[in-house]
Amino acid sequence: MEDQNYKNVLVPVDGSAVTSSVLNRAIAVALANDAHLDILNILEVNQFNQTYGSAVSGDVVFKLTENTEDKLKEMKQKALASGVKDVDIHIRFGNPKPIISREFPHDHHTDVIVIGSTGLSAVERLIIGSVTSYVTRTALCDVLIVRSKNDPKQPK
């Protein structure tokens with residue numbers, strides 16, 4: 001088997017319960033490979049506009065972006081404190097599926113995506129589909145799926 005050496009690690013984060021575990025695994029992968037780490041959050045502004053009939057103002061989007069950036073800066077500091085030498089944070093707007101699986105990896109030469117098994121409830125997965133499932137099927141690079149300790153599929 002060929003040894004895999006990752007140089008650019010992507011960790012998409014959504015603030016769900018598995019975010020901390022996913023970030024920790026991405027940090028470990030980046031450290032093991034002396035790799036660059038990209039921490040990405042995607043804001044789905046269109047979802048707000050469709051749900052609330054365009055009632056979401058630019059001020060609300062700005063504040064949401066500002067709060068997200070603060071959280072990403074904390075994650076970056078955690079990665080740097082853990083010994084990762086090269087970390088960038090990113091906020092993108094749009095549908096997370098194509099951004100995580102193809103657009104961002106293409107733009108940033110991502111070698112591996114470290115992603116949580118799911119950030120959605122069973123009903124949400126049924127209705128809109130799992131981002132993770134989509135990413136594993138269509139990604140331009142390797143995908144490492146991190147399961148939550150509370151995941152019922154996780155062995156005890």
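- Taking the side-chain contact (heavy atoms from CB on, under 4.5 Å) definition, one finds that T65 meets it with L43, V61, I91, F93, sequence neighbours left out.
- Inter-residue side-chain proximity for L10 and I39 is flagged as unmet; no heavy-atom pair is nearer than 4.5 Å.
- Remark: K76 engages no residue in a side-chain hydrogen bond (donor to acceptor under 3.5 Å, both in side chains) (not counting sequence neighbours).
- Residues I27 and L144 share a hydrophobic cluster, clusters being chains of Ile/Leu/Val/Met/Phe/Trp/Tyr side chains in contact below 4.5 Å.
- Considering only heavy atoms from C-beta on, V13 comes within 4.5 Å of L72 through its side chain.
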query = Can V18 and V146 be said to form a side-chain contact (heavy atoms from CB on, under 4.5 Å), step by step?
reply = CA-CA 8 Å; V18 299; V146 179; over 6 Å; no
inquiry  = Between V11 and V22, is the side-chain contact (heavy atoms from CB on, under 4.5 Å) condition met? List the steps.
reply    = CA-CA 7 Å; V11 59; V22 174; 3.4 Å; yes
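- A donor-acceptor pair is defined here as one N or O able to donate and one able to accept, closer than 3.5 Å; such a pair exists between the side chain of S130 and the backbone of T132.
- Residues passing the side-chain hydrogen bond (donor to acceptor under 3.5 Å, both in side chains) test with T138, sequence neighbours excluded: S101.
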request  = Using the side-chain contact (heavy atoms from CB on, under 4.5 Å) rule, take K97 and V135 through it: C-alpha gap first, then chi angles, then the decisive distance, then the call.
outcome  = CA-CA 6 Å; K97 291 177 180 181; V135 169; 5.8 Å; no
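- Residues passing the side-chain contact (heavy atoms from CB on, under 4.5 Å) test with E74 are K71, sequence neighbours excluded.
- Linking ILVMFWY side-chain heavy atoms closer than 4.5 Å, directly or via other members, places V131 and I145 in a single hydrophobic cluster.
- Separation of atoms CD1 (I42) and CD1 (I99) is listed at 4.5 Å; rounding is to 0.5 Å.
- For the pair V87 and V84, the tightest heavy-atom approach, listed with the atom from each and the gap, is CG2-CG1, 3.5 Å.
- Atom CZ of residue R25 and atom OG of residue S20 lie 12.0 Å apart, to the nearest 0.5 angstrom.
- For D107, the side-chain contact (heavy atoms from CB on, under 4.5 Å) partners are R92, not counting sequence neighbours.
- Not counting sequence neighbours, the partners of K63 by the salt bridge (Lys or Arg N to Asp or Glu O under 4.0 Å) test are E66.
- Summarising the geometry of I113 relative to A139, their closest heavy-atom pair is CD1-CB, 4.0 Å, with the distance given to 0.1 Å.
- Put simply, CG on N24 and OG1 on T19 are 10.5 Å apart, with the number rounded to the nearest 0.5 Å.
- For the salt bridge (Lys or Arg N to Asp or Glu O under 4.0 Å) test, no residue two or more places apart in sequence or in another chain qualifies with R102.
- In this structure, V114 is not a member of the same hydrophobic cluster as Y134, with clusters built from ILVMFWY side-chain heavy atoms closer than 4.5 Å.
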Worked check of side-chain contact (heavy atoms from CB on, under 4.5 Å) between D111 and V9 = CA-CA 6 Å; D111 301 310; V9 179; over 6 Å; no
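- Residue pairs meeting the salt bridge (Lys or Arg N to Asp or Glu O under 4.0 Å) criterion with at least one member in residues 131-145: none, sequence neighbours excluded.
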For residues 29-38, which side-chain donor-acceptor pairs fall under 3.5 Å, sequence neighbours excluded?
unit_1, atom_1, unit_2, atom_2, d
N33, OD1, Y6, N, 3.1
N33, ND2, V29, O, 2.8
D34, OD1, K85, NZ, 3.3
H36, ND1, D86, O, 3.4
H36, ND1, D86, OD1, 3.2
H36, ND1, D86, OD2, 2.8
H36, NE2, D38, OD1, 2.8
H36, NE2, D38, OD2, 3.4
H36, NE2, D88, OD2, 3.4
D38, OD1, H90, NE2, 2.7

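- I89 and L64 fall within the same hydrophobic cluster, defined by Ile, Leu, Val, Met, Phe, Trp and Tyr side-chain heavy atoms under 4.5 Å apart, directly or through other members.
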